[in-house]
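Handing you this structure, nothing more for now.
Note that the structure is predicted; figures quoted are calculated from it, not measured.
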Amino acid sequence: MKILQEKLTPFIGIGKIKLMSLLDDVKKILKDNNVNFTIEYQSNKGCNPEVPWIMLHIENSITLSFAKNKLWEIYCEGDFSGELPNGIKIGMPLDEALKIDPSLKFDDWNEEFESSEGYWVEDNLDDNTVMSITIFIKEVLDDDTFFRYEW
């Protein structure tokens with residue numbers, strides 16, 4: 001599957017799949033490229049506002065998260081072999097990633113490394129490698145803005 005090798009571009013997307021794309025448009029891209037996926041619904045009951053999320057899971061590689069029908073986050077792990085424009089990729093030593101992007105700082109609350117370049121990296125504590133990469137819309141950087149869902 002070509003999508004598993006695509007370049008991840010912070011605040012933009014992955015290949016033909018762009019952040020802020022509509023759910024049906026992304027499903028069509030995946031189907032047209034014979035990419036199998038499962039759908040997960042998260043009601044977010046009790047949240048204020050209660051905006052449900054829909055996640056499309058491509059097995060052991062990519063999760064695409066939607067709210068209000070718009071793609072707001074792309075999470076990559078496991079079999080994903082693409083990389084960020086700076087060359088950071090899953091499986092590389094975390095020390096190497098930190099040298100490539102000195103802005104990566106550990107966030108104790110989220111337990112991941114956050115970059116001022118617009119992405120997050122999760123490390124594998126067993127072997128000290130990059131375990132996942134997440135890109136997202138700019139509004140994610142400010143909880144108040146993001147959780148108003150006016151984007």
Same hydrophobic cluster for M55 and I133, using side-chain heavy-atom links shorter than 4.5 Å among ILVMFWY?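 Shared cluster, yes.
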
Do M131 and F106 share a hydrophobic cluster (ILVMFWY, side-chain heavy atoms under 4.5 Å, transitive)?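 No: no chain of side-chain contacts under 4.5 Å links M131 to F106.
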
Are C76 and L8 side-chain neighbours, meaning at least one heavy-atom pair lies under 4.5 Å?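 In short, these two side chains touch, coming nearer than 4.5 Å.
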
Evaluate E122 against S132 for side chain to side chain donor-acceptor pair (under 3.5 Å), listing each step before the verdict. CA-CA 5 Å; E122 188 178 12; S132 72; 2.9 Å; yes

Does a side-chain heavy-atom distance below 4.5 Å link L30 with L56?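 They are in contact (side-chain heavy atoms under 4.5 Å apart), so the answer is yes.
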
Drop me the distance from I90's CD1 to N124's CG, to the nearest 0.5 angstrom.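 Result: 11.0 Å between the selected atoms.
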
Determine, using the 4.5 Å side-chain heavy-atom cutoff (strictly less than), whether L64 and L22 are members of one ILVMFWY cluster.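 No, because L64 and L22 fall into different hydrophobic clusters, even though each may have its own neighbours under 4.5 Å.
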
Does any part of the side chain of W109, heavy atoms only, come nearer than 4.5 Å to the side chain of E111, both counted from C-beta?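 The answer is no, as the side chains (C-beta and beyond) never meet within the 4.5 Å cut-off.
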
If you apply the rule ring-ring contact (aromatic ring centres under 6.0 Å, His included), what do you find for W120 with F136, and how did you get there? CA-CA 9 Å; W120 301 323; F136 41 80; 4.3 Å; yes

Can you find a heavy atom in the side chain of I58 that is under 4.5 Å from one in the side chain of N36?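 No, too far: nothing below the 4.5 Å cut-off.
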
Would you say the side-chain atoms of S115 pair up with the backbone N or O of L104, donor to acceptor, closer than 3.5 Å?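 No: the side chain of S115 does not pair with the backbone of L104.
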
Looking at E50, I'd like to know if its CD atom is crowded, meaning that more than 12 non-hydrogen atoms belonging to other residues, nucleotides or ligands lie closer than 6.0 Å.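 Enclosed: over 12 neighbouring heavy atoms sit under 6.0 Å from CD of E50.
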
In Å, rounded to the nearest 0.5 Å, how long is the span from CD1 of I100 to CD of E117?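 Rounded to the nearest 0.5 Å, the CD1-CD separation comes to 12.0 Å.
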
Please check if L84 and I12 belong to a single hydrophobic cluster, counting links between Ile, Leu, Val, Met, Phe, Trp and Tyr side chain heavy atoms closer than 4.5 Å.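 Not linked; separate clusters.
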
Let me confirm one number: the CD-NZ distance from E150 to K68, rounded to the nearest 0.5 Å.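 That separation rounds to 7.5 Å.
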
I want to check something: taking the side chain as every heavy atom from C-beta on, are F113 and L94 in contact at a cut-off of under 4.5 Å?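 A side-chain contact exists here, since the closest heavy-atom pair is under 4.5 Å.
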
Heavy-atom neighbours of E40 CD exceed 12 at 6.0 Å: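 Count over threshold, so yes.
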
Closest non-hydrogen atom pair between A97 and M92, with its separation: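 That would be CB-SD, 4.2 Å.
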
Dump the intermediate steps for side-chain contact (heavy atoms from CB on, under 4.5 Å) on K105 and E114, then the final yes or no. CA-CA 5 Å; K105 302 291 181 227; E114 298 180 352; 5.9 Å; no

Plane angle bin for Y149 and W151 - parallel if under 30°, tilted between 30 and 60°, otherwise perpendicular: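 Ring orientation, 0 to 90° scale: tilted.
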
Ignoring hydrogens and geometry, is there a side-chain-to-backbone donor-acceptor pair from N110 to E112 under 3.5 Å?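 Not confirmed, N110 side chain does not pair with E112 backbone.
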
Can you list every side chain to side chain donor-acceptor pair (under 3.5 Å) pair that touches residues 9-27, not counting sequence neighbours?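 Found none.
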
CA sep, side-chain torsions, deciding dist, call: T63, H57, side chain to side chain donor-acceptor pair (under 3.5 Å): CA-CA 5 Å; T63 298; H57 298 286; 3.0 Å; yes

So if you build clusters from Ile, Leu, Val, Met, Phe, Trp, Tyr with side-chain heavy-atom gaps below 4.5 Å, do L71 and V140 land together?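 As far as the 4.5 Å side-chain criterion goes, V140 and L71 are connected within one cluster.
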
Please report the closest heavy-atom contact between G82 and K89, naming both atoms and the distance.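 Answer, listing the atom of G82 first, then K89: O-CB, 3.6 Å.
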
So which pairs with a foot in residues 134-143 pass side chain to side chain donor-acceptor pair (under 3.5 Å), sequence neighbours left out?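 Residue pairs with at least one partner in residues 134-143: D142-T145.
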
In a check of ring-ring contact (aromatic ring centres under 6.0 Å, His included) between W72 and each of W53, F147, F11, which one passes?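 It is W53; the other options fail the test.
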
Can you name the closest pair of heavy atoms from I74 and G13 and give their distance?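 Nearest pair, atom of I74 first, then G13: CD1-CA, 4.0 Å.
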
So for atom NZ, which belongs to K28, do other residues, nucleotides or ligands contribute more than 12 heavy atoms lying within a distance under 6.0 Å?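 Open.
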
D123 side chain to T129 main-chain N or O, any donor-acceptor pair under 3.5 Å?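 Here the side-chain-to-backbone pair does not exist.
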
Quick one: pull up CG in N69 and CG in L23 and give me the separation to the nearest 0.5 Å.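 So the gap between those two atoms works out to 5.5 Å.
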
Test F37 against I62 for side-chain contact (heavy atoms from CB on, under 4.5 Å), laying out the working first. CA-CA 9 Å; F37 59 90; I62 300 172; over 6 Å; no

Atom pair CD1/OH of I135 and Y119 - distance to nearest 0.5 Å: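 I135 atom CD1 to Y119 atom OH measures 12.0 Å (nearest 0.5 Å).
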
